[in-house]
Structure formats: structure tokens, C-alpha cells
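Comments concern the structure below.
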Amino acid sequence: MSFHFQEFLSKEINLLREEGLLRELKTIHGAQGPWVDLGGRRTLLLCSNDYLGLASDHQVTGAFTSGVEEFGTGSGASRLISGNRSPHEGLEKAIAQFKGTESALLFNSGYHANIGAIPALFGEGDLILSDELNHASLIDGCRLSKARVLKYPHKDCASLKKMLRENSGCKKKLVLTDGVFSMDGDIAPLPGIVELAGQFEAVVMVDDAHATGVLGPGGKGTLGHFGLEPDCVDIQMGTLGKALGCFGAFVAGKKELTQFLTNKARSFIYTTALPPALAAAACKALEIAGRDQCRRDRLWENVRFFKEGLEKLGFDIMGSETPIVPIFIGDPVKTMKISACLLEKGLFVQGIRPPSVPEGKSRLRAALSASHTMEDLEFALEVIENVGIN
Ligand SMILES: *Cc1c(COP(=O)(O)O)cnc(C)c1O
């Protein structure tokens, strides 16, 4: 019997379609901003992670274009060959200063950072305790590591403690968590995790993709939010692609950590370095994110206003504590239907389905930005109310 590749593809695609799980790309035209051109129609964008509106900020785009003038487009090689330029190093210094750590190392994306750092640091014979709602890139990092992985119930420190105690014979252990959970928008119980890790001599890694620029004083992230010192956590990861409006990511911690990863993280070693101009732009974005508290205040004011509006309308926002605001629907087909209805009325909120979220927990997921005005959000609430979700 022969294998028909084309048949296999069609069958799998049809299966996805039947289950309401087929994903398709939407094209946005023209400029980035709270209002975008989607299929020729002016649409309010309520599902971008550009939390501070920095992706279209003139200072950031200016740093990008002058970076291109100075350095060209591509870097030409990996960092360890000939791709390392002054903006990369300048950005790493700025990130370390921003996070209050000794050192920081750039990766080409948050996905690269997670699938690189975790397998470099942990392997066979080691144990990883991972929150059950951790991001897919952390899960993939765990899989690549070949360490034993135990999932603990979401944000449940009592279960984590029990698992740490039961495995206290294992020497090298990692507790792994999102700082802000990307699908639910809630915050990890970091003080409890840090305390347990100290007690059971476990390493802690926090994925601050959605917290960088958003949470804590100066937008320093989840540690700052809880008033924890930067060296409470061994490994902090963050992305430059969300609140910082650029692209790329970092791991921050002690000098030895970044030196080790420079030597061992395969996703750092075997890939072309980020364009230097992008590093220059991210450096500018980081500077603005650090000092411009007004932007962050505007973001949080928007969050408060929008959540109050949704709660008044009786929606379940699933315990969100951040600018990520899920609206619980449950069924994937219904979720995508509602998302399509909203889009017809000029509001883009993406529907999220398995495997991004557990079975039966499909949802709309809104993300707010400092660049949204109150009128924008009033419009969004009105459209959501009128589409008749409940
Ligand atoms: C977006 C995200 C990532 C990936 O970061 P990119 O820079 O977009 O690759 C990693 N972890 C979490 C929790 C995220 O939400």
C-alpha cells in the first residue's frame, strides 16, 4: 500500500475543519495602530500585544530606520561568527540595567529563548516542574530537554510543594512558570514559588513575555510587581516583540548564566543574529518603556475601564489581572462564529481554541493597548454587547 502525501494533507485539513479547529491567516494592510485596514475595512484592533503602542512610535521607528542606514538590513551571520554588532551589545547592557540583573543575552525570539535555554540547562536525570498553563514554547523547551517533566495544577503552590517534597532526591530541579499567563491573563504566585524553590533548592525560571514593559515599577516585570529583588529568580526571559513593539527576546540573570547559554544554547548558536537596526530600535523602545509611566498608566486605565464594562455586561473574564482579557465562550465553533460577527462590525478580537487552550475552554481573547482611546473601548463594548454572546 502506498502513502499518498496529498491525501494525508487533505484528510487532516478536513478533520480540523469539521472540528471547528482550522486556523487561517487574516491580512492586515497598511500602518500599525489601534485602527487597521482589514480587507478594506477600518477595524479596531483588540488583539495585538503592542501594549504600549511602541510599534508605531516615531522615536522607535526612527531608531530603526537610522539603524538600517548605518548597519544595513541583515547581520550576515550568527553572533559567534561575525554577526555581533555594537547595537546587540548595547541592547544587552540596557536590558540588564532595565531588569536589574548582572547580564542579559539576546535571542531571536521568545520561542528561540525558551527552546534554547531550557535544554541547554536541563537534561536527562533532571526534573522540571511546570505550571499546567505554561506557554507552548516552554512546553517545547521541556520536551527538547529530555528532563522528566511534571505539570503542577495552575498556580497551585500547595501541589508544587508536595511535588518538590516527593522529589527532593532529585538534585537538579527547575520550577518553570509564565509570569503572566498568555491565555488567561492572570499572574503567577511568584513569591510563593520563590520561597518553595529556596526551601527545596530548585532553580526558578520565569517567562515574562507579557509582563515586560507592563507589570511593576518601570515595567520591569513580574518580580517588580511583587517587589521581589532581581536575583530572587535565576532565569528571567522576556520578549521584545510585545510591549516593546519590536522583535527578538532575551534571557537575563547572572553573568555565568548568559556565558553558559552563549556556549550551550543551540537556538542562540545556530542562527543568524537579529538585524542590528532592530536591536537599536528595541534599545529605544526599552528606554521609553522604562521612563514613560504615562503610557503604562493609560494602559492600566484602559484595562480597568474595559473590564468593568465587560463585567457589567455579565461576561466571564476568567480571572484576568492584566491587559490580556479573555471572554469565556467554551465551544470552539461558537467562539469562531462570534469572532467573525465582531469582525463584520469592525472589531477584531481573535478567537482562541484548542490546542492553545484546554478542550471546552475556547474564548475570545482581547488585548488592550495604551494607544486605545476611551471612545475606542466604548465602541468595542457596544459591539460586544450587540453581538449577543450570552
Ligand atoms: C509570545 C510568548 C512567547 C514567545 O515570544 P516571541 O518573542 O513572540 O517568540 C513566549 N512565552 C510566552 C508566555 C508568550 O506569550
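Both counts, for ligands and for their atoms, begin at 1 and track the order of listing.
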* ring-ring contact (aromatic ring centres under 6.0 Å, His included) involving F200 - partner list, sequence neighbours excluded ->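 F200: no ring-ring contact (aromatic ring centres under 6.0 Å, His included) contacts found.
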* Not counting sequence neighbours, which residues clear ring-ring contact (aromatic ring centres under 6.0 Å, His included) with Y270? List them please. =>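 Listed in chain order: nothing, the list is empty.
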* Looking at F379 versus W35, is the centre-to-centre ring distance below 6.0 Å? ->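 Under 6.0 Å, so yes.
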* Measure centre to centre between the rings of H154 and F181, then say whether the value is under 6.0 Å. => yes
Show the distances, to 0.1 Å, for all pairs joining an N/O atom of ligand 1 and a protein N/O atom that are shorter than 3.5 Å, listing one pair per line.
| residue | atom | partner | partner atom | Å |
| --- | --- | --- | --- | --- |
| ligand 1 | 7 (O) | G110 | N | 2.7 |
| ligand 1 | 7 (O) | T239 | OG1 | 2.7 |
| ligand 1 | 9 (O) | G110 | N | 3.0 |
| ligand 1 | 9 (O) | Y111 | N | 3.0 |
| ligand 1 | 11 (N) | H135 | ND1 | 3.4 |
| ligand 1 | 11 (N) | D207 | OD1 | 3.3 |
| ligand 1 | 11 (N) | D207 | OD2 | 2.5 |
| ligand 1 | 15 (O) | H210 | NE2 | 2.7 |
| ligand 1 | 15 (O) | K242 | NZ | 2.6 |

* Asked: Can you name the residues that form a side-chain hydrogen bond (donor to acceptor under 3.5 Å, both in side chains) with K151, not counting sequence neighbours?
  ->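 In terms of side-chain hydrogen bond (donor to acceptor under 3.5 Å, both in side chains), with neighbours along the sequence ignored, K151 is linked to no residue.
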* Asked: Counting only N and O atoms by type, is there a donor-acceptor contact under 3.5 Å from the side chain of N114 to the main-chain atoms of D140?
  ->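 Checked: no pair found.
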